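Here the structure is laid out as structure tokens; the discussion comes afterwards.
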Amino acid sequence: MTAAATPRTILHVDLDAFYAAVEVREQPSLAGRPVVVGADPKGGRGRGVVSAASYEARRFGIHSAQPIGRAYSLCPDAVFLPPRMELYLAVSQRFFALLERFTDLVEPLSVDEAFLDVTGSERLHGDGPTIARAIQRAVRDEERLSVSVGVAPCKFVAKIASDLRKPAGLVVVDGAPGAAAAFLAPLPLERLWGAGPKTAARLHQLGARTIGDVAALAPSHLAAAFGGDGGAHLQALARAMDDRPVEPERAAKSLGREHTFEVDVADRDEVARLLLALVEQLTARLRRHGLAGRTVTVKLRTDDFETVTRAATLESAVDTTEALLPVARKLLSRCDTTRRAIRLVGVSLSHFGAVQPALFEEKAVRQGRAVARAVDELCARFGEGVVTRGSLLDRAPPGPDVGPKPRPPRAPPERNG
DNA sequence: TCTGGGGTCCTAGGACCC
DNA sequence: TCTGGGGTCCTAGGACCC
């Protein structure tokens with residue numbers, strides 16, 4: 001990774017406490033109160049995590065990805081709300097439409113954050129900081145939400161900058177040579193993108209504490225700890241050398257559904273029933289996005305939190321329950337988890353490509369696609385859940401299947417073939 | 001205080017082909 | 001006959017991000 005040949009102006013835009021902020025906006029009486037969006041705390045015994053916490057809730061030590069029981073014990077009086085994904089996704093889509101007024105080069109990172117390359121729009125809209133302030137103003141006026149922005153010569157530095165003065169922060173890093181590296185140097189290395197707990201611990205063992213320390217480490221030491229590529233990548237980021245382009249059209253590479261039982265389950269039939277429900281939801285989503293895939297992966301997590309996956313790659317891409325389920329069932333039987341209770345079941349599909357022409361398909365698979373089309377049509381007309389397989393009726397389906405993401409998977413990818 | 005659900009990317013080893 | 005190196009595809013697991 002080398003420095004970009006031409007100077008760029010990259011923005012990282014990040015909605016503050018997104019889900020919680022939307023809930024407060026919808027229910028003004030919540031303003032000023034600690035608001036936690038996530039799993040049902042169930043008086044402290046709930047299973048699941050915090051999805052978003054308002055800044056008032058954060059003062060109690062509550063943060064996203066925290067077990068919900070922990071959040072409850074930190075602040076039992078907080079307002080605990082279940083996520084309303086359809087609502088957030090609608091807001092998210094307007095947010096991205098707003099960003100696209102400033103440049104075509106908008107790369108969504110999730111529902112609530114994006115990279116923008118505004119290098120080419122500065123003549124029209126003003127320089128980076130001017131555009132950043134205009135975005136903050138527009139999001140505040142039109143959506144009544146607050147947003148933090150980082151302006152920098154590359155993606156990674158912009159991302160760090162936007163995070164530094166939340167909420168409603170604006171941090172600008174000069175594009176002059178060396179300025180970005182100097183900006184990063186004093187920050188704790190935990191802020192490096194890709195340096196989670198394991199990587200941070202190993203960097204500490206090498207004597208590093210700050211990003212500047214990582215930038216100065218002997219490449220041979222880094223390579224010994226992380227491999228040649230991994231070490232070089234870390235050090236390049238630490239030196240603010242990041243020429244990755246802003247990519248608006250990144251095609252999805254996999255699609256999956258998973259669910260954690262309320263209580264761990266030893267009954268294999270119950271595991272199999274959940275697998276069927278997940279496969280149904282997954283294939284419906286695949287067809288909605290016009291995707292079909294060749295590699296099926298089944299995932300089990302046991303009560304001791306060990307995760308086991310089994311995968312199989314088919315000759316041709318599939319998108320129906322009839323084609324996918326037998327494979328998923330076989331993979332499930334190959335998961336060596338006997339005598340342990342199951343906590344989570346998941347299924348995903350990757351290796352996207354075109355569905356093979358029906359010429360040589362088995363009759364059952366052809367019929368399966370016809371049934372699927374009919375079901376899809378009914379769901380589109382009358383809403384999700386109007387048609388359900390008989391074998392699914394004896395149990396509640398896991399969670400709502402959320403609709404399309406702001407970055408919906410596009411046509412089958414061709415990258416790397 | 002036990003740890004969701006959606007993803008991406010990387011690594012290592014084995015099979016297989018040239 | 002033996003050795004071997006490179007490339008690609010696949011699987012399983014793991015780290016990480018929001």
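Because only heavy atoms are used, hydrogens play no part in the values below, and waters and symmetry mates are left out as well, while side chains stay in. Naming: A, B, ... by sequence-line order, numbering from 1 per chain. Worth saying up front: this structure is predicted, and the values here are computed from it rather than measured.
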Donor-acceptor contact present, side-chain A:T119 to main-chain A:R8, <3.5 Å: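 Flag not set: sc A:T119 to bb A:R8 has no pair under 3.5 Å.
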
If you look at every strand shown and take non-hydrogen atoms under 4.0 Å, does [X] touch a base, only sugar-phosphate, or nothing?
X	value
A:S348	nothing
A:R202	nothing
A:Q66	nothing
A:G69	nothing
A:A312	sugar-phosphate

Measure the shortest side-chain to side-chain distance between A:D14 and A:D112 over non-hydrogen atoms and say whether it is less than 4.5 angstrom.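 Answer yes - side chains close enough.
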
Taking C-beta and beyond as the side chain, do A:M85 and A:Y19 meet within less than 4.5 Å on heavy atoms?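 Contact flag for A:M85/A:Y19 side chains = yes.
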
Map every base of DNA chain C to its dot-bracket character, where paired means a Watson-Crick or G-U wobble contact with both distances under 3.5 Å and | marks a partner outside the strand. ....||||||||||||||

Once you round it to whole Å, what is the distance between [atom2] of [N] and [atom1] of [X]?
X	N	atom1	atom2	answer
A:E258	B:dT8	CD	P	13 Å
A:Y19	B:dG4	OH	P	16 Å
A:L255	B:dT8	CG	C1'	13 Å
A:H289	B:dG7	NE2	C1'	13 Å
A:K299	B:dG5	NZ	P	9 Å
A:I160	C:dC18	CD1	P	11 Å
A:L344	B:dT3	CG	C1'	11 Å
A:E107	C:dC18	CD	C1'	14 Å

Nearest heavy atom decides the nucleotide; on that basis, is A:E306 or A:L192 closer to the 5' end of DNA chain C?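 The residue whose closest nucleotide sits nearer the 5' end is A:E306.
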
Contact nearer the 5' end of DNA chain C, comparing A:T307 with A:G194: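 This one resolves to A:T307.
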
If we check side-chain contact (heavy atoms from CB on, under 4.5 Å) with A:I10, which of these qualifies: A:V118, A:L105, A:D117?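 Option passing the side-chain contact (heavy atoms from CB on, under 4.5 Å) with A:I10: A:D117.
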
By the definition side-chain contact (heavy atoms from CB on, under 4.5 Å), identify the one residue from A:F95, A:F115, A:F102 that meets it with A:V13.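 Only one option passes, and that is A:F95.
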
Does the side chain of [X] get closer than 4.0 angstrom to OP1 or OP2 of [N] through an N or O atom?
X	N	result
A:H259	B:dG4	no
A:R244	B:dC9	no
A:K253	B:dG6	no

Contacting residues from residues 207-221 of chain A, given that a heavy atom lies under 4.0 angstrom of DNA chain B: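 Heavy-atom cutoff 4.0 Å gives no residues at all.
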
Tell me which residues in residues 36-51 of chain A lie within less than 4.0 Å of DNA chain B, going by non-hydrogen atoms.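 Result for residues 36-51 of chain A: A:G46, A:R47, A:G48, A:V49, sorted by number.
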
May I ask you to say whether A:D242 pairs ionically with A:K155, meaning some side-chain N is under 4.0 Å from a carboxylate O?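 Salt bridge flag = no for A:K155 with A:D242.
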
Salt bridge flag under 4.0 Å for residues A:E142 and A:R101: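 Counted as a salt bridge, because a side-chain N and a carboxylate O are separated by less than 4.0 Å.
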
Roughly how far apart are A:E143 CD and A:R94 CZ, rounded to 0.5 Å?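 That separation rounds to 4.0 Å.
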
Crowding at NE2, A:H63 (>12 non-hydrogen neighbours, <6.0 Å):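 More than 12 heavy atoms, drawn from other residues, nucleotides or ligands, come within 6.0 Å of this atom.
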
B/S/- along nucleotides 10-17 of chain B (protein heavy atoms under 4.0 Å) is -S------

Please figure out whether A:R343 or A:G256 has its closest DNA chain B nucleotide nearer the 5' end.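 Final value for this comparison: A:R343.
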
Candidates B:dG7, B:dG4, B:dT1 - which lies nearest the side chain of A:R301: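 Per side-chain heavy atoms of A:R301, the pick is B:dG4.
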
Considering only side-chain heavy atoms of A:T260, which listed nucleotide, B:dG4, B:dG6, B:dT8, is closest?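 The answer is B:dG4, which lies nearest to the side chain.
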
Salt bridge (Lys or Arg N to Asp or Glu O under 4.0 Å) with A:E107: which of A:R250, A:K159, A:R244?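 By the salt bridge (Lys or Arg N to Asp or Glu O under 4.0 Å) criterion, A:E107 pairs with just one of A:R250, A:K159, A:R244: A:R250.
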
Option among A:K42, A:R343, A:R45 that satisfies the salt bridge (Lys or Arg N to Asp or Glu O under 4.0 Å) test with A:E262: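 Testing each of A:K42, A:R343, A:R45 against A:E262, the sole residue satisfying salt bridge (Lys or Arg N to Asp or Glu O under 4.0 Å) is A:K42.
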
Residue pair A:T295, A:T313: steps toward the side-chain hydrogen bond (donor to acceptor under 3.5 Å, both in side chains) verdict: CA-CA 4 Å; A:T295 302; A:T313 298; 2.9 Å; yes

A:T210: which residues meet the side chain to side chain donor-acceptor pair (under 3.5 Å) condition with it, sequence neighbours left out?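 A:T210 satisfies side chain to side chain donor-acceptor pair (under 3.5 Å) with A:D213 once adjacent residues are dropped.
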
Option passing side chain to side chain donor-acceptor pair (under 3.5 Å) with A:D264 (candidates A:R301, A:R47, A:R340):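 In the set A:R301, A:R47, A:R340, the residue that makes a side chain to side chain donor-acceptor pair (under 3.5 Å) with A:D264 is A:R47.
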
Could you walk me through whether A:K330 and A:V298 pass side-chain contact (heavy atoms from CB on, under 4.5 Å), step by step? CA-CA 9 Å; A:K330 201 163 288 173; A:V298 165; over 6 Å; no

Whole-Å C1' distance, C:dC17 and B:dT1: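 C:dC17 and B:dT1 have their C1' atoms separated by 22 Å.
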
Under the rule for salt bridge (charged side-chain N to carboxylate O under 4.0 Å, His left out), what residues qualify as partners of A:R191, not counting sequence neighbours?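 With sequence neighbours excluded, A:R191 shows a salt bridge (charged side-chain N to carboxylate O under 4.0 Å, His left out) to A:D163, given in chain and number order.
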
